[in-house]
Structures are given as structure tokens and as C-alpha cells.
Amino acid sequence: MTISRDEVLAALERVPDPSGRGSVVAAGRIAGLMVKDGHVAFSIEIDPAEAAALEPLRATCEKAVMALPRVLSVTAVLTAHRDTPPQRPPQGAGQQPKPNAIPGVSKVIAVASGKGGVGKSTTSVNLAIGLSRLGLKVGLLDADIYGPSIPRMLGLSGKPRTTAAKKLVPMEAYGLKAMSIGLLVPEDQAVIWRGPMVMSAIGQLLSEVDWAPLDVLVIDLPPGTGDAQLTLVQRAPLAGAVIVSTPQDIALIDAKKGLAMFQKVEVPVLGIVENMSYFICPHCGGRSDIFSHGGARETAAQLGVDFLGEIPLHMSIREHSDDGRPIVALAPESPQAEAYMALAREVAARIETAGRPAPRITFA
Ligand code: ADP
């Protein structure tokens with residue numbers, strides 16, 4: 001039998017609250033408790049000003065739960081979201097203030113997909129390296145809580161350092177500054193996080209990482225278009241979004257949902273990119289359109305958004321992204337890398353103007 005919520009709460013009942021109002025549970029501090037197969041996660045609600053002072057409380061709570069039999073892991077985070085808007089995102093922009101810009105970061109863009117497995121993370125990594133090869137200072141934030149794969153794709157491991165000012169130092173790879181939720185918590189724990197915990201962690205990854213100076217920060221979003229993604233999109237100061245789709249119809253339907261999500265929050269969609277667009281044989285170099293290639297281009301035209309390019313399905317893209325050496329860095333002259341460079345040029349041209357006020361026309 002695995003550990004139950006009640007047993008976890010009973011252990012936390014024995015941890016006194018520093019306010020003197022009984023236990024941490026009685027004081028209403030414990031939120032978002034998740035218990036799954038022996039893995040426990042919860043947040044401890046605090047006033048942001050108390051963060052440093054309450055770190056020992058966080059450790060005590062973790063220890064109290066870890067001491068229970070059949071508990072395999074415990075993740076407790078301090079969150080200060082009591083005064084933030086409710087978990088359920090509002091239906092339109094306008095109702096919520098625009099998120100704050102990140103100091104020293106000129107543009108933030110998101111890479112999204114309507115569903116998993118379409119190559120969103122592979123595209124994020126190669127696009128980010130492509131932008132940096134164009135001479136931009138680029139950061140890559142892996143916000144894919146359901147499967148943080150950027151550390152693997154960039155060959156990163158270990159825990160990030162913190163500065164004296166308690167900011168996380170991004171890791172560096174292939175000229176990029178990179179940070180991933182996967183570097184902070186083990187993968188199996190990230191997936192059991194719930195809305196408020198995810199949002200607070202992502203908020204920290206945006207504001208408490210030493211990103212500056214950057215020309216562009218690329219965020220690899222979790223796949224899909226649910227509430228978590230929508231809230232995330234609302235929290236990040238986005239200049240625009242790139243939607244990744246495969247040519248198959250079903251993925252395109254999902255891409256349309258992605259488009260609708262960004263329209264809802266008034267984030268400009270920079271365009272759609274078709275991944276695994278056509279197959280290039282690794283032996284003879286011959287090309288074949290094994291899927292109905294071109295679907296994303298048509299969908300983009302129908303929906304009135306830009307088409308940003310096509311990335312071939314090629315063994316070298318998979319092999320090198322899976323072993324931590326992205327194709328754009330490893331073989332920049334290859335046709336596959338050139339497809340990503342073309343995408344990077346399209347994106348760079350659009351972020352130049354994204355988010356800028358329309359020029360004022362003056363009459364002499
Ligand atoms: P997502 O982020 O959408 O879940 P990933 O980027 O993790 O998808 O890609 C899923 C798998 O497909 C990975 O093994 C990746 O290496 C592979 N892949 C992605 N794009 C391509 C491509 N253009 N050619 C070959 N393999 C690809």
C-alpha cells in the first residue's frame with residue numbers, strides 16, 4: 001500500500017507554525033498537496049518577504065514527511081501566490097495586467113505545440129542555437145514540466161549555482177544560457193506538480209534567474225493548450241509565439257488550438273513551422289514526402305498566420321538531439337541545420353518588430 005494524503009497531512013500537523021497559530025496545516029499554509037506512488041509534493045504559502053526566514057520551515061516540513069514509511073521523495077516549495085489571480089485563467093486579456101518585462105531581456109518568445117511528440121523541444125533548441133549563430137545573445141528556458149528534455153538535448157547536468165544575490169545562474173551550452181525545471185527537480189517529481197506550484201516555479205525561472213543581458217529568451221512550453229499552458233503564456237512577457245506542428249491533419253487541428261490560445265491572450269503568433277515535413281534518406285539523401293507534406297503551410301494561409309518554414313525528418317536530427325549535440329551546433333553546414341537557420345532568420349526578422357508600437361507617421 002502506498003502512502004495516503006491523510007498520513008502526509010497528519011505528519012504535517014505535527015510541525016508547529018512559526019506564527020504560533022498551531023500547526024502549519026492549521027495555519028492554512030499547506031497547499032497543492034499531491035501524493036502519487038510514494039512521491040509527495042506540496043507548497044507552503046508564505047509572504048514573499050519571509051522567504052529567507054522560512055526556508056528552515058520548508059526543510060522541517062520535508063523532513064517530517066520523508067520520515068514516514070513508504071515515502072520515496074518529498075518536494076516542498078515556498079510559494080507566495082495568495083494574492084495572485086485565481087488558478088483558472090480569465091477568458092480574455094484585458095482582464096489581467098500585462099506581465100512585467102524581465103530586466104535586461106529584450107524579447108521573450110514561446111515555442112508551443114498543440115500536442116506532445118511533434119518535435120517542439122528539438123525545434124526550440126535548434127532555433128535558439130540558430131538565433132545565437134545570427135549574432136544574438138540567446139537564452140533557453142525549458143518550461144516543459146511534463147517532460148523537461150532540454151538538459152538532455154544540450155548535454156547539461158548537475159545543479160545550477162546561485163549568486164550572492166540568491167539568483168540562479170543559468171548553465172551555458174553552445175553559446176546559450178539555459179535553465180530547465182529538469183535541472184532543479186527530478187523528472188518524476190515535476191510531473192506531479194499542480195497548477196499553483198508550477199506557476200510559482202515558472203515565475204521563479206523567469207524572474208530569479210540571472211538571464212541578463214539577452215536579446216531573446218526562448219521558452220519551450222509544455223505541449224498542449226490546457227489551463228497550465230494558458231496561465232503560463234499569460235505570466236510571461238511574450239513578444240510572440242512560434243507554433244510547431246507535423247504535417248498530419250490531427251497535429252494541425254491541435255496547432256489551431258494553440259493559435260486560439262495565443263489569440264485569447266493577445267500574444268502575436270509569429271507563425272507556424274512544419275516539423276518532420278518530408279523525409280530525407282540518411283543513406284542516399286533522397287527526399288520523400290511520407291506524410292501529406294505542406295499541411296502546415298496551407299493551414300497557416302487559411303488562418304492568416306505566417307508560415308515560418310519546414311524542417312525535414314532526418315535521422316541525424318534525432319540522434320544528435322538525443323545525445324546532447326544539436327544538429328545546428330554539430331553540423332551547421334548540413335541541409336538539416338540550414339532548415340533551422342532559415343527558421344531562425346524568419347523568427348529574428350519578426351521579433352525585431354514584435355511588440356514595438358506602430359510607427360508614428362508625421363506630416364510635414
Ligand atoms: P516534443 O517536445 O514535441 O515532445 P521532441 O522535440 O522531444 O518533441 O521530439 C520527439 C522525438 O522526435 C525526439 O526523439 C526527437 O529527437 C525526434 N525529432 C524531433 N524532430 C525531428 C526531426 N525533424 N527529424 C528527426 N527526429 C526528430
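Atoms within a ligand are numbered from 1 in the order they appear, just like the ligands themselves.
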Next item on the list: With sequence neighbours excluded, tell me which residues meet side chain to side chain contact (heavy atoms under 4.5 Å, CB included) with Ala112.
Entry: Leu221, Phe262
Next item on the list: Look at atom 21 (C) of ligand 1 and say whether a protein heavy atom is found at less than 4.0 angstrom from it.
Entry: yes
Give yes if a backbone or side-chain nitrogen or oxygen of [X] is under 3.5 Å from a nitrogen or oxygen of ligand 1, and no if not.
X	value
Pro312	yes
Ser321	yes
Asn275	yes
Ser149	no
Lys115	no
Met315	no
Val118	yes
Gly119	yes

Is it true that [Y] and [X] share a donor-acceptor pair across their side chains at a distance under 3.5 Å?
X	Y	value
Ser4	Glu7	yes
Ser245	Glu274	no
Thr246	Asn275	no

Checklist line | CZ/Arg70: more than 12 non-hydrogen atoms of other groups inside 6.0 Å | finding: yes
Notebook entry, point to check: Does CE in Met315 sit with more than 12 non-hydrogen atoms of other residues, nucleotides or ligands closer than 6.0 Å?
Noted result: no
Measure the distance from [atom] to every protein heavy atom, then report the residue, atom name and distance (to 0.1 Å) of the closest one.
atom	result
atom 17 (C) of ligand 1	Arg318 CG, 3.9 Å
atom 4 (O) of ligand 1	Gly117 N, 2.8 Å
atom 18 (N) of ligand 1	Met276 CE, 3.9 Å

I'd like a table of donor-acceptor pairs (distance under 3.5 Å, sequence neighbours excluded) in which one partner is a side-chain atom from residues 206-219, with atom names and distances.
| unit_1 | atom_1 | unit_2 | atom_2 | d |
| --- | --- | --- | --- | --- |
| Ser207 | OG | Gly203 | O | 2.9 |
| Glu208 | OE1 | Gln204 | NE2 | 3.4 |
| Trp211 | NE1 | Leu205 | O | 2.9 |
| Asp215 | OD2 | Lys137 | N | 2.7 |

Contacting atoms of ligand 1, where contact means under 4.0 angstrom from a heavy atom of [X]:
X	answer
Lys120	1 (P), 2 (O), 3 (O), 6 (O), 8 (O)
His314	24 (N), 25 (C)
Met153	6 (O), 7 (O)

Could you state the interatomic distance from [atom1] ([X]) to [atom2] ([Y]), rounded to the nearest 0.5 Å?
X	Y	atom1	atom2	value
Ile272	Ser113	CD1	OG	12.0 Å
Tyr340	Ile317	OH	CD1	4.0 Å
Leu156	Met179	CG	CE	9.5 Å
Lys107	Arg350	NZ	CZ	14.0 Å

Next item on the list: Run the contact test for Pro223 against ligand 1 with a 4.0 Å cut-off on heavy atoms, strictly below, and give the result.
Entry: no
Margin query: One residue to check: Asp322. Relative to ligand 1, which of side chain, backbone, both or neither has a non-hydrogen atom less than 4.0 Å away?
Written below: side chain
Check: Nearest heavy atom to atom 9 (O) of ligand 1: which of Val111, Thr122, Val125 does it belong to?
Finding: Thr122
